[in-house]
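Chain letters run A, B, ... following the sequence lines, proteins first and then strands; every chain starts at 1.
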2 protein chains.
Amino acid sequence: MLRMSKMTDYGIVLLTELARAGSETRTARELAAGTGVPLPSVSKVLKGLQGAGLLVSHRGASGGYGLSRPAEHIPLTEIISALEGPVSLTECGAQGGHAPTGTCELETVCRVRGHWRVINRTIQDALGRLTLADLCAPVPRLVGLGVPARPAAPAQNPNPIPTTAGGAHS
Amino acid sequence: MLRMSKMTDYGIVLLTELARAGSETRTARELAAGTGVPLPSVSKVLKGLQGAGLLVSHRGASGGYGLSRPAEHIPLTEIISALEGPVSLTECGAQGGHAPTGTCELETVCRVRGHWRVINRTIQDALGRLTLADLCAPVPRLVGLGVPARPAAPAQNPNPIPTTAGGAHS
DNA sequence: TTTAATGCGGACCAACTTAGTCCTGTTTAA
DNA sequence: TTAAACAGGACTAAGTTGGTCCGCATTAAA
């Protein structure tokens with residue numbers, strides 16, 4: 001499935017809500033009400049985003065959270081990696097030092113490893129080119145994602161087999 | 001972390017090993033010995049790949065597994081989705097029907113959803129452009145991944161903050 | 001000065017997922 | 001007939017995740 005954790009999903013929803021508030025701050029309570037995310041989880045996610053430097057917080061009465069910089073300057077990769085570590089499909093290729101060489105017991109025989117670095121960078125590039133501001137735009141009219149503007153065809157994929165094993169998982 | 005499951009990782013390692021064998025078949029036992037992956041797991045993964053149509057199996061004595069088609073015609077997306085469902089960062093955008101509309105309780109308020117479709121397709125494109133044959137090539141000299149050849153800079157990312165929350169997760 | 005609202009930093013738990021093991025068929029070449 | 005190999009389960013242990021809760025520190029306003 002290759003999915004993000006729910007918390008990261010929450011984080012993105014909360015950030016877009018916050019971006020819509022412009023320079024005003026919002027309390028965790030307000031954001032919970034506005035998005036439908038349960039308050040304790042909102043709290044936890046916001047704390048994480050604050051720790052990563054994406055949000056600034058004001059404590060005390062009439063406190064709240066605000067973006068630390070304009071939404072245009074917050075790339076999607078940074079949001080994701082703030083909440084669940086470096087964007088990487090495999091442990092071994094993670095640049096953050098998650099697998100400090102030696103963790104993967106197959107390392108000596110693994111002939112695939114070098115390729116993951118490239119693949120991971122590709123995904124990071126695609127995700128990093130998208131900012132929080134893009135996610136706030138009303139209609140998904142995203143360009144410059146690194147994929148040539150092109151119809152729905154699977155591009156240079158010359159095999160006629162329907163991608164994704166068809167019914168196996170549906 | 002955004003990672004694949006270990007089983008999928010195994011699957012890819014096993015498939016490359018199998019691709020190296022050309023048109024010969026290999027037994028689960030041989031593959032386990034050749035890759036270092038524990039035999040029961042090898043068995044499980046191969047069964048999955050067989051069910052998805054990526055492998056053909058021959059039962060009985062001197063049986064074994066072989067690729068169902070040339071490695072050049074097996075895109076990476078198909079391998080991944082065979083072992084862990086459709087390639088998608090979120091449940092709600094998954095094309096396989098995993099979340100049959102209504103699963104996500106935030107659906108009515110979620111303003112981000114439309115964007116995920118685009119993001120997911122981007123990643124699918126990048127991954128689908130790569131085949132098993134590419135993964136077998138000795139050196140990662142991969143082109144045409146959909147990302148314009150470009151230096152290591154994170155592209156249009158003008159913020160000075162070190163991506164990935166720095167020490168928080170390392 | 002007091003009060004109440006708010007974020008901070010944890011500990012904690014239940015549920016789910018994952019990786020791994022094992023067992024009993026069935027098939028098939030020798 | 002035999003043994004090697006795949007097929008298809010059930011099962012378990014460990015880890016992760018999502019979610020809850022609590023007491024504390026901070027601060028604006030009454």
Using a cut-off of under 3.5 Å, enumerate the N/O to N/O pairs linking the protein to nucleotides 2-5 of chain C.
unit_1: C:dA5; atom_1: N3; unit_2: A:Ala61; atom_2: N; d: 3.4

*Taking for each residue the nucleotide of DNA chain D with the nearest heavy atom, is it A:Met4 or B:Gly64 whose nucleotide lies nearer the 5' end?*
B:Gly64
*Would you say A:Ser43 reaches C:dC8's phosphate, i.e. side-chain N/O to OP1/OP2 under 4.0 Å?*
no
*For A:Ser41 and D:dG18, is the shortest distance between a side-chain N/O and OP1 or OP2 below 4.0 Å?*
no
_Looking at B:Tyr10, I'd like to know whether one of its side-chain N or O atoms comes within less than 4.0 Å of OP1 or OP2 on C:dT18._
no
*Protein-nucleotide distance (A:Arg3, atom CZ; D:dT16, atom C1'), rounded to Å*: 10 Å
*So, B:His58 side chain and B:Gly66 main chain: donor-acceptor pair closer than 3.5 Å or not?*
no
*Distance below 4.0 Å between B:Lys44 side-chain N/O and D:dG8 OP1 or OP2*: no
_What is the distance, to the nearest angstrom, from the CD atom on B:Glu30 to the P atom on D:dA5?_
8 Å
*Whole Å only: how far is the CZ atom of B:Arg26 from the P atom of D:dA4?*
19 Å
*Once you round it to whole Å, what is the distance between P of D:dA5 and CG of B:Leu55?*
17 Å
*C:dA19 phosphate, OP1 or OP2: any side-chain N/O from B:Ser5 under 4.0 angstrom?*
yes
_Exam field: side chain A:Asn120 to backbone A:Val87, donor-acceptor pair closer than 3.5 Å_ = no
*For the atom pair CD (A:Gln124) and CD1 (A:Ile80), what is the distance rounded to the nearest 0.5 Å?*
10.0 Å
*asked:* If you only use heavy atoms from C-beta on, which nucleotide in D:dG19, D:dA7, C:dT21 is closest to the side chain of A:Met7?
replied: D:dG19
*Rounded to the nearest angstrom, tell me the gap between atom OH in B:Tyr65 and atom C1' in D:dA4.*
13 Å
*Please confirm whether the backbone N or O of A:Leu39 pairs with a side-chain atom of A:Ser43, one donor and one acceptor, at under 3.5 Å?*
no
*On DNA chain D, nearest-nucleotide positions of B:His58 versus A:Leu39: which is more 5'?*
B:His58
*Answer yes or no: are there more than 12 heavy-atom neighbours, outside B:Arg20 itself, under 6.0 Å from its atom CZ?*
yes
_Rounded distance (Å) that lies between atom C1' of C:dT24 and atom NZ of B:Lys47_ = 11 Å
*What's the CG-P distance between A:Leu83 and D:dG19, to the nearest Å?*
14 Å
*Residue pair A:Glu84 / A:Thr8, side-chain donor-acceptor N/O under 3.5 Å*: yes
*asked:* How many whole angstroms separate atom CD of B:Glu24 from atom P of D:dA5?
replied: 15 Å
*Are the side chain of A:Glu78 and the backbone N or O of A:Pro75 linked by a donor-acceptor pair below 3.5 Å?*
no
